[in-house]
Asker: 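Below you'll find the structure I mean.
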There are 2 protein chains.
Amino acid sequence: MTADSANEFTKRSFLTLEQAIRNDLAEGRLAVDRRLPSERELAERYRTTRITLREALSHLEMDGLIYRENRRGWFVSDRRLVYNPLWRTDFQRMTREQNRQASTELIEAVSAVAPDDICALLEQPSGTEFWRIRRRRRVDDRLVVFVEHHLSKAVFADILEQDLTGSLTNLYREKYALEYGDVSFEINPVALTGMSATELHCSDGTFGLQIVRVNRDQTGRILDCDVEYWRHDAVSIRIDTRDSIP
Amino acid sequence: MTADSANEFTKRSFLTLEQAIRNDLAEGRLAVDRRLPSERELAERYRTTRITLREALSHLEMDGLIYRENRRGWFVSDRRLVYNPLWRTDFQRMTREQNRQASTELIEAVSAVAPDDICALLEQPSGTEFWRIRRRRRVDDRLVVFVEHHLSKAVFADILEQDLTGSLTNLYREKYALEYGDVSFEINPVALTGMSATELHCSDGTFGLQIVRVNRDQTGRILDCDVEYWRHDAVSIRIDTRDSIP
DNA sequence: TCACCTCTTTGGTATAGACCAGATGCGAGG
DNA sequence: CCTCGCATCTGGTCTATACCAAAGAGGTGA
């Protein structure tokens, strides 16, 4: 930040601090390589305390302008990824169509008893075991979503032998000759906690968007259930009934 | 409990302030007709400072357990309203089907130039005037959503003479013989600011869910555009392709 | 009855420190 | 070359206190 902009900021009210940071961000004075200076440094520059500064940063975070990675620092948010949960196009293709670059990491793939609510969604008795595949995805190198898939062990007997870092959609089609049919999903604003927070490198309690989706094949048989946890500033849900819903 | 873990217990109370409040909420010790004691009283009760206490309350707020009304206090959240933006059932009926009670307040109904992005969505040149209807809705007496409707002045010439506290869906059908056709919408997690925050009685910067919807009639003509701002803990979006999309 | 004013209570913002814990980079030792 | 451990960064949490501004209660006067 230049001496000028520091001088411009003379009033001490909270809103002006937030506005000052907003302006400096917009004009690219603050961030170097999308990364903001440390909180201590910012507090000094704006002649305020870390508590007050963090309050302002939290507001900008909620507004989707910046985000933080746990104990790593603050960063400037990129544009949102447009996402239609009714489409089962694979993630790579979806991001490519938006001129973004995506990657997927496999966290685990095991057999496990699903929680009761998931069993209910999958129309199986509580305590049923499913394949549990946990992955996380990046867009332009930023961690944006943590996904937990629950798959029928009967239908996908040998899924663990497949490459699970790619598209499950394609795997279903190519290895199991399954095409998607109906879908249902639920979107909830939630706090990211536990594993979703850890894997996304954000602190416990960060705001996120949870999307729970149940996928069926053409015969109406339930195939799997995905539970996605998105960084809230990284995604925009968009649905249009004029699009065919395959 | 072993001696080791007892030792650990005395060293660091693994029951954090947040968890303590969480327990008190769950067991009904804290909620007195859904309102929490003042921050000062809570801080005293939990032997901590207001800053720390507010941090904990913010976490619970993000998690959707409690919410605040600007300078009025903290309240315990009720269950979420299930909402399908593809359905144009009127609000009253939707809430009744979930055993909730709804009400709508008209804030203003005027002719006004719509912002550029809204004009673009409505496929009209920038600077076009529309009817602008602003309303807010309550569920079980809690303010949950602020809505801004932009309607074609040509199609709805005399809409200001109608009762605008009721269902616009019904008005379209009964007074204008219009049925809904295709819909498209966009969901974004945002910070509530300005009018949306003021009208919802929440402080500037509170986290919310924005839903922008464009409605068409059966011939594909654009009817209107709704911009909704929801309190994040009050709504759950649910969509199922097996439901008919009228 | 009702508009208006005032006083109290509430959350909202701010100061100035301090220590903790995870992330990271670097250097020493294998 | 690689690994391990330590020093030093970062944000995360905390104490203690103060004043401000809006909301709400209650009283006052037309």
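Convention: sequence-line order gives letters A, B, ...; per-chain numbering from 1. The basis for the numbers below is simple: all heavy atoms, side chains too, and nothing from hydrogens, waters or symmetry mates. This is a predicted model, so every value here is computed, not measured.
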Asker: About how many Å separate OH of Y83(A) and CD1 of I187(A), when rounded to the nearest 0.5 Å?
Answerer: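 I187(A) atom CD1 to Y83(A) atom OH measures 8.5 Å (nearest 0.5 Å).
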Asker: Is the closest side-chain heavy-atom distance between H149(B) and L168(B) below 4.5 Å?
Answerer: yes
Asker: To the nearest Å, give me how far apart CD (E199(A)) and P (dA23(C)) are.
Answerer: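 Distance check: E199(A) CD to dA23(C) P gives 12 Å.
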Asker: Take a 6.0 Å sphere around CD of E44(B) and say whether it holds more than 12 heavy atoms from other residues, nucleotides or ligands.
Answerer: no
Asker: So which nucleotide from dG12(D), dG11(C), dT10(D) ends up closest to the side chain of S38(A)?
Answerer: dT10(D)
Asker: What is the distance, rounded to the nearest whole Å, between atom CH2 of W74(A) and atom P of dA23(C)?
Answerer: 17 Å
Asker: Are any of R68(B)'s side-chain N or O atoms less than 4.0 Å away from OP1 or OP2 of dG12(C)?
Answerer: yes
Asker: Take atom CD of E18(B) and atom C1' of dG12(D), then tell me their distance rounded to the nearest Å.
Answerer: 13 Å
Asker: Once you round it to whole Å, what is the distance between C1' of dG12(D) and CD of E61(A)?
Answerer: 13 Å
Asker: How does protein contact run along nucleotides 15-24 of chain D, one letter per nucleotide 5' to 3', with B for base contact, S for sugar-phosphate only, - for none, heavy atoms under 4.0 Å?
Answerer: BB-BB-BSSS
Asker: Less than 6.0 Å separating the ring centroids of H232(B) and Y67(B)?
Answerer: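 Ring centroids of H232(B) and Y67(B) are no less than 6.0 Å from each other.
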Asker: Does CZ in R79(B) sit with more than 12 non-hydrogen atoms of other residues, nucleotides or ligands closer than 6.0 Å?
Answerer: yes
Asker: Atom OH of Y46(A) and atom P of dT13(C): how far apart are they, to the nearest Å?
Answerer: 18 Å
Asker: When the distance from CD of E44(A) to C1' of dC9(D) is rounded to whole Å, what number comes out?
Answerer: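 Rounded to the whole Å, the gap is 16 Å.
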Asker: Just how far, in rounded Å, is P of dT10(D) from CZ of R54(A)?
Answerer: 14 Å
Asker: Has the side chain of R34(A) got a donor or acceptor atom that lies under 3.5 Å from a matching backbone atom of S77(A)?
Answerer: yes
Asker: Using whole Å, what does the distance between atom P of nucleotide dT13(D) and atom CD of E55(A) come to?
Answerer: 13 Å
